[in-house]
Each structure stands twice: as C-alpha cells, then as structure tokens.
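We count ligands from 1, going down the list as the structure has it; atoms in each ligand are counted the same way.
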Amino acid sequence: MERKVRVRFAPSPTGPLHIGGVRTALYNYLFARQHGGDLIFRIEDTDSTRFVPGAEEYIIEAFKWLGIKFDEGVSFGGEHGPYRQSERRDIYKQYVKQLLDADKAYIAFDTPEELDAKRAEIENFQYDASTRMQMRNSLTLSKEEVDSLIAEGHQYVVRFKIEPGRDVHVDDIIRGDVNINSSVLDDKVLYKSADQLPTYHLANIVDDHLMEVTHVIRGEEWLPSAPLHVLLYEAFGWADTMPRFAHLPLLLKPVGNGKLSKRDGDKLGFPVFPLEWHDPKSGEMSSGYREQGYLPQAVVNFLALLGWNPGNDQEVMTLDEMVQLFDLSKCSKAGARFDYIKAQWFNHQYLLAQDAIDWTPAFDKILRDNGIESTPEREAQVVDMMKLKVIEYVDKEGNKKKRNISFVSDLWPLTKFFFVAPETYDKEDKFVRKNWKEDTSDMMRQLVAQLETIDDFSVEGQKAVVDPWAETTGARPWNAWRVALVGTGQGPDMYELSAFLGKDETIRRINNAINSL
Ligand code: GLU
C-alpha cells in the first residue's frame with residue numbers, strides 16, 4: 001500500500017536558523033503539499049551542550065513570518081508527540097535495549113583518556129571491527145564485569161556494532177545510488193549514560209520510524225551519515241519502511257569557493273538568517289531578512305530557486321505555483337551559488353506587485369523615525385510617484401552602484417522633500433547652478449503670479465494655466481521650479497509634486513527660493 005507522504009524538518013536548537021535550513025524546510029513543505037502529505041516540525045535537542053535558549057522560539061517565529069506552515073510538531077501538536085527529543089528519553093531507551101539484546105550494539109566503558117591513549121598508539125585509530133576487541137566494552141568483558149561496572153556507577157556509551165566489508169547503498173532521489181563500504185564507518189555512539197540521552201543518529205532514526213516519515217529531505221552535510229542510518233534501519237528490522245533520502249545541494253558563497261557563511265553576509269552586507277538574532281551569550285547581533293525590509297514571499301521565492309528551477313524561465317512564483325511545479329528529483333546535485341543581488345531583485349518585484357498602500361506601514365515608520373507625521377493616503381501617493389526610481393548607493397566595498405528600489409527604506413532619501421521643504425539652497429549644486437540663472441527669479445515671480453490664479457491645483461488644473469502662459473511668453477520654468485521645490489534635480493513630474501504639496505506650500509517654496517538664490 002502507498003504510504004501517506006510524511007516529511008519532517010528537524011532542526012537542532014543551537015542558534016538562529018541559517019537561511020540554508022529555511023530552504024530545507026521550504027523544500028519539505030513544497031513536497032508535502034504537492035503530495036497531500038504532512039510536514040512535521042521536530043526539535044532535535046539531544047545534545048545539551050549545544051542547546052541555546054530562544055533558538056526554538058526563533059525558528060517557530062521565522063516560519064510564521066515566512067508563511068511556511070507545519071501540520072504537526074512542537075507548538076503545532078499531533079498524534080506522534082512529544083516532538084521535542086529531550087522529552088522522549090524513555091522511548092529511546094527501549095530501542096537502545098532492543099539493539100543491545102539483539103547483539104547489534106554493545107556497551108563501552110572506555111574513558112576519554114583511554115581513547116586518547118589508543119589514538120596515540122594506533123595511527124588513524126577508529127573504533128570499529130578492527131579495534132573493538134582491544135577496548136573495554138561488553139564484547140571483551142564478562143557479563144558480571146559489565147554489570148558490576150554499571151552498578152558501581154561507571155559511565156558508559158552504547159555503540160553500534162557495524163559489520164565490516166559490506167556494501168551499503170543509499171538510494172537518494174537527487175544523487176542516485178550512493179554506495180560506500182561499511183568498513184570505513186566507525187562504531188558510532190548511539191547513547192550516553194551520562195545524560196541518559198541518545199545521540200543524534202539513534203534519535204533521528206527512531207523518530208523518523210515512529211513518526212512514519214516517508215522521505216528525508218535534508219542538506220548535503222548529512223549525506224555522510226546516511227549509510228549509517230541505512231544500517232540502523234536494517235538493524236531495527238525497519239528496512240521495509242525506510243524513508244527515501246534526498247540530500248539537497250549546498251548553498252555556496254556569492255564569490256569564491258565553499259559554503260555560505262555568516263562572514264560572507266557580514267562582508268557583503270546581506271543577512272544569512274531569516275530574522276534578526278541577538279545571541280544570548282555573546283550579545284552579538286546578526287541581521288535578518290525581515291528587519292532588512294524583505295517581504296516574506298520574496299525570500300521564499302528566492303530560496304526556492306536555489307537548487308531547483310521549474311525548467312522554464314519563470315522566476316516569480318506564488319507558493320501555490322511552486323507547489324505545483326516543484327520536482328524533488330530535478331534538484332541539482334551541484335551547489336547553488338547564493339546571489340544576494342538576485343534576492344534584492346525579487347524583493348523589488350514583490351514590492352512593485354503590492355498596492356502602494358501596502359508600503360505605507362513600513363514607510364510611515366521611517367517617516368516617524370525622522371520626525372515626520374503624514375497619512376497613509378499621502379504616503380501612498382509618494383510611493384506611486386517614486387517607486388520606479390533608481391537609487392544610487394555605495395556598496396560594502398566602496399563602489400558606487402545603482403539599483404531599483406528594493407526596500408521601502410530606499411524611499412526615504414529620495415522622498416524627504418515631499419515632507420520637508422529645502423531649508424537652504426545649495427548654489428554649488430550642479431543642477432541648481434545650471435537652472436537658476438540671474439534672470440530666473442523674475443520668471444519665477446511671474447510663475448507665482450500665474451499659480452496664484454489657480455483654484456483647482458490638480459495636475460490638469462495647473463497645466464491649464466501654466467502651459468498657455470509658458471507658450472505665449474516662451475518661459476521654461478520647470479527646472480527652476482524643481483530647484484525651488486526639491487533643492488536639486490530629483491523627484492517626480494513637477495505638476496504632480498506641486499499638486500501633492502498644494503498651492504500654498506508650492507508658492508511658499510518658490511518664494512523662498514527667489515529670496516535665497
Ligand atoms: N538535527 C539535524 C539538523 O540539525 C537534522 C538532520 C536531519 O534532517 O536528519 O539539521
């Protein structure tokens with residue numbers, strides 16, 4: 001019988017969720033939706049030394065923001081709980097016992113010092129079939145010795161007894177048949193008496209089995225663990241229901257070799273985390289896509305295409321379209337280069353697709369931070385006039401660059417004059433020098449006289465008066481008019497700007513320019 005598709009995203013709460021982890025979760029989400037299956041959110045917190053407070057909450061908040069919904073798991077509930085591994089100790093103990101009873105695992109008492117001594121003695125020491133009979137474990141000690149060591153309170157670990165010389169096949173949806181020989185594997189620790197917790201490997205396999213996971217979709221960094229996982233499924237007698245694997249391509253640095261790191265982000269000025277993160281220990285702050293002004297749909301769209309594409313040229317896609325088009329088997333094996341300029345491009349696309357009014361909560365906040373009070377309606381007018389402008393900026397390497405407006409915050413330097421009149425006029429400004437000559441004040445006085453007569457100060461209302469006047473007198477007031485209202489050569493159409501400012505403010509600014517220039 002076909003099993004219902006069930007996939008899981010299983011982060012360890014060791015810090016903020018890396019953007020690569022977000023992509024893994026997204027691919028799981030797309031796959032689950034596409035197959036009418038379930039997506040589980042499991043917290044793998046068996047390594048207490050790496051636990052970071054707040055990380056779990058952070059991850060949940062990040063997915064909420066991104067619109068990636070889980071069907072069950074930590075904070076979502078469900079029938080297969082608890083979904084936090086630290087709450088499943090007793091379950092794992094049973095399965096550790098099962099392996100011990102079946103002679104597929106053994107108890108080892110070697111202390112760290114003893115292990116170090118062995119490493120010094122044997123080059124490239126590995127705890128495996130070739131060495132295990134030289135060690136202090138339940139294979140070399142008598143049952144009585146083992147029992148009394150445990151009774152005396154000696155700490156131990158349980159190790160997986162890997163049979164050497166076997167071909168282990170991992171059937172990977174993306175990579176095909178990955179084949180390794182079991183002799184290269186070591187007898188992995190599955191359980192530690194010290195904290196009474198299993199290691200990642202055991203907990204991961206037991207939970208995937210109990211939670212009826214059908215597909216394990218995860219980052220390439222887990223591929224080396226997969227053969228061990230295959231052997232564990234066999235050892236438990238679960239080979240029939242073993243999930244299918246899909247190991248996703250690595251996310252690579254924007255330039256150079258290697259995997260994308262926080263350092264790359266810091267250097268080039270882009271976040272590698274979905275949300276801002278304040279490290280509770282170091283106090284260090286890491287920037288997030290949300291706080292940088294990205295729209296969640298843009299982030300999701302951009303991430304979806306890092307390692308997969310729909311096979312046509314389509315780039316902008318809704319989540320529903322992605323669910324339709326996504327194909328796990330068409331994911332690339334090769335690493336996907338992280339292109340943050342492309343991320344900005346996506347944000348630009350998604351911003352433009354919004355109504356101007358949807359820009360205003362963020363825009364209003366920026367205005368307020370700059371001491372300006374306005375209304376959503378007026379702010380939306382400004383957005384419509386300015387959203388297609390290009391901004392100039394200096395990148396982290398000091399290069400002057402231009403780009404489309406990609407964030408609401410890009411608007412502010414371009415739109416200040418809508419809300420604040422130029423205080424002084426810079427006579428050295430190129431545009432001012434070129435367009436405000438000796439006789440300009442005269443022309444502007446005439447313009448003011450014309451504007452005074454207008455009742456309807458809309459674009460059409462102004463044109464109806466100003467255009468015939470300009471025509472008959474040959475006056476060309478527009479650039480000087482811009483100087484008066486803006487202070488330099490920026491901004492939208494002059495009539496639109498004047499209509500926005502209104503008759504009084506427009507005339508006031510022109511008079512001010514006449515007096516100071
Ligand atoms: N806890 C692992 C992680 O942090 C899960 C790996 C897996 O999906 O098997 O990514």
Side-chain angles (χ1 to χ4, degrees), residues 5-32 37-52 54-60 62-63 68 70 72-74 80 82-88 92 160 170-175 178 188-190 197-233 236 238 241-251 259-262 272-274 277 303 307 328 331:
V5 164
R6 285 172 60 80
V7 291
R8 82 302 194 271
F9 180 64
S12 298
T14 55
L17 181 61
H18 189 272
I19 203 75
V22 177
R23 188 206 46 185
T24 299
L26 172 63
Y27 282 17
N28 275 283
Y29 173 88
L30 296 176
F31 189 76
D38 298 325
L39 173 59
I40 303 162
F41 179 59
R42 183 169 77 219
I43 289 288
E44 302 209 324
D45 57 348
T46 56
D47 186 352
S48 48
T49 60
R50 296 185 61 215
F51 178 82
V52 172
E56 179 185 306
E57 292 75 6
Y58 173 98
I59 296 169
I60 292 170
F63 288 122
I68 295 176
F70 291 84
E72 55 183 84
V74 171
H80 295 72
Y83 293 93
R84 209 180 271 114
Q85 290 187 329
S86 58
E87 293 165 19
R88 297 170 66 80
Y92 305 125
F160 190 32
V170 178
D171 171 22
D172 191 291
I173 295 173
I174 298 170
R175 281 148 218 278
V178 180
K188 273 275 175 310
V189 172
L190 301 179
L197 278 169
T199 57
Y200 153 72
H201 301 292
L202 184 103
N204 189 268
I205 270 43
V206 167
D207 285 351
D208 281 349
H209 174 71
L210 295 178
M211 295 176 187
E212 299 176 62
V213 167
T214 57
H215 297 78
V216 166
I217 304 167
R218 61 185 172 188
E220 177 175 298
E221 63 274 29
W222 301 99
L223 184 59
S225 302
L228 170 72
H229 293 181
V230 169
L231 291 175
L232 275 169
Y233 281 106
F236 278 118
W238 300 333
T241 54
M242 181 166 74
R244 294 209 59 199
F245 292 99
H247 289 92
L248 304 175
L250 226 53
L251 291 191
K259 114 181 188 196
L260 174 72
S261 71
K262 175 166 147 46
V272 297
F273 302 115
W277 167 257
L303 284 179
L328 193 53
C331 287

Between [X] and [Y], does the ring centre distance come in under 6.0 Å?
| X | Y | answer |
| --- | --- | --- |
| F63 | F70 | yes |
| H215 | Y27 | no |
| F9 | Y29 | no |

**Request:** Given side chain to side chain contact (heavy atoms under 4.5 Å, CB included), test I205 with F236 step by step and report yes or no.
**Result:** CA-CA 10 Å; I205 270 43; F236 278 118; 4.1 Å; yes
**Prompt:** Under a 4.0 Å N-O cut-off, is there an ion pair linking D207 with R8?
**Reply:**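 Salt bridge absent between D207 and R8.
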**Note: R84-E56 ion pair, threshold 4.0 Å (strictly below)** =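 Yes, charged N to carboxylate O under 4.0 Å.
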**Request:** List, ordered by chain and residue number, the protein residues whose closest non-hydrogen atom lies under 4.0 Å from any atom of ligand 1.
**Result:**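 The answer is R8, A10, P11, S12, E44, Y200, N204, R218, W222, counting any residue whose heavy atom sits under 4.0 Å from ligand 1.
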